[in-house]
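These notes concern the structure reproduced below.
Remember, it's 1-based here, ligands and their atoms both numbered in the order they're listed. If you read the sequence from its start, that first residue is 1, and numbering goes on from there.
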Amino acid sequence: MKNIVPPPPPIVRNQFETIRELFSKHVVPSYGRFDLAFSHGAGSHLFDVNGRRYLDLGGGIAVCSLGHAHPAITEALIAQSRKLVHTSNFYYHEPQGRLAQALVNLIGPGKCFFCNSGVEANEGLFKLARKFGHDEGRFEVITTVNSFHGRTLAGIAATGQDKVKKGFEPMVPGFRQVPFNDLAAMQAALSPATAAIMIEGVQGEGGVTPATPEYLLGLRRLCDEKNLLLLMDGVQCGHFRTGRFQSFQRILEGVPGGEPFLPDGISMAKSLGGGFPMGAFWVRSPYADLLGAGTHGTTYGGSPLACAVALKVLEVIHQEKLEANAREVGEFLETGLQRLAAKYPGVIQTVRGLGLMIGVELALDIPRLPGDPSKSQAVRLANLLHAAGLLTIPAGAQILRLLPALNLQRAEAEAGLRILESVIAKLTA
Ligand SMILES: *Cc1c(COP(=O)(O)O)cnc(C)c1O
């Protein structure tokens, strides 16, 4: 029988306002948030509470390495949580041992410690440096300008950006910053109290700046000469994002003398759990037993659940050849962005990156649409992109970052470039 009664119109409720109100009443306002609330996702797409779809090229800040709601992650969570979620580190369990083995195989001879976030991984490396230098009275860790190492007290002391320190002085002692990619500055900064150097292989929050091969090799020589630990924060640039497991492996590809390079410690988090919160650090063999029983720990670190998920993430990356995908789709995205930069120099100044870690530096004064109050150009453009259905991540006032899922498809990258161009074209019209 024919239906003669027209279907009722969908009920439209503005759930976003309700959620925002809960936040403004009950959540500490420490984040500058965009006016978006998401309810679910699939692959590289997110859906907001009003049912609108967005292409996610931010990847939850380089976290959702397999995209959203990947069935393999869901299955790993279900299967492991049916068996064992948590036991504490008083006991052994298989997933932690297996994950440590997998990470050591991907990096080099050493051992791993598991924690719950990036800053905790760095904190562990800072403690390693202090233990290493302790008997000689050495404790200092030199880091770089524009670096980012996390938000705890040691994390902000290590971070080379004043905005994270402001209002929280005095800083934890023993951290100083020198310009990035400047070997002479690092050499000049060393003091008898220096125990370690920490850098990011690709500065992330600082605007996607890769270390040069000469810098990495020079720091290695310097640390060997002066008996210092070379520590690398791989929290954002690690886990295959650059097209190799760690960024230094990619940066030093084909560089004479680059093959044997290894730092002494590497911190990991973000993509490691594919969205399940976890962190880790790897420490090179000669120092792997420095943190002996009772010297360091965390209740949740390396739980069976977290490790089962991280193992599954590694398995999927391997099976689906996402290392190569990050390289290929990353190159495709970067080339497309370079083309946009050439076509719209009034909006995009430069594009730089490695694999699926790309920074788009905006021109100094991109045109403003009437009625737009945002101060930062990166935030202004990000908002316009949201309105057009594309998610990106600002880094500072002048840079937009793309940190998408490692399984981003070429067609999705193409769609992202199209949205970006349509917004830029409107801006410059
Ligand atoms: C995100 C980040 C951190 C901090 O990680 P959290 O999990 O937020 O503590 C540290 N270092 C780098 C390079 C990062 O990008």
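Ser44 and Asp56 form no side-chain donor-acceptor contact under 3.5 Å, judged by distance and modelled atom types alone. With hydrogens and angles left out, the side-chain atoms of Glu200 and Ser147 include no donor and acceptor closer than 3.5 Å.
In this structure Glu94 satisfies the side chain to side chain contact (heavy atoms under 4.5 Å, CB included) test together with Arg98, sequence neighbours excluded. Under the salt bridge (Lys or Arg N to Asp or Glu O under 4.0 Å) criterion, Glu421 pairs with Arg339, Lys343, sequence neighbours left out.
Without hydrogens or angle criteria, Glu331 side chain to Glu328 main chain gives no donor-acceptor distance under 3.5 Å.
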Identify all N/O pairs between ligand 1 and the protein with a separation under 3.5 Å and present them as a table of atom names and distances.
from     : atom 1 : to     : atom 2 : distance (Å)
ligand 1 : 7 (O)  : Gly118 : N      : 2.8
ligand 1 : 9 (O)  : Gly118 : N      : 3.4
ligand 1 : 9 (O)  : Val119 : N      : 2.8
ligand 1 : 11 (N) : Phe148 : O      : 3.2
ligand 1 : 11 (N) : Asp233 : OD1    : 3.4
ligand 1 : 11 (N) : Asp233 : OD2    : 2.7
ligand 1 : 15 (O) : Gln236 : NE2    : 2.7
ligand 1 : 15 (O) : Lys270 : NZ     : 2.6

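Every pair passing ring pair (Phe, Tyr, Trp, His ring centres under 6.0 Å) that includes a residue from residues 71-96 is listed here, sequence neighbours excluded: His86-Tyr300.
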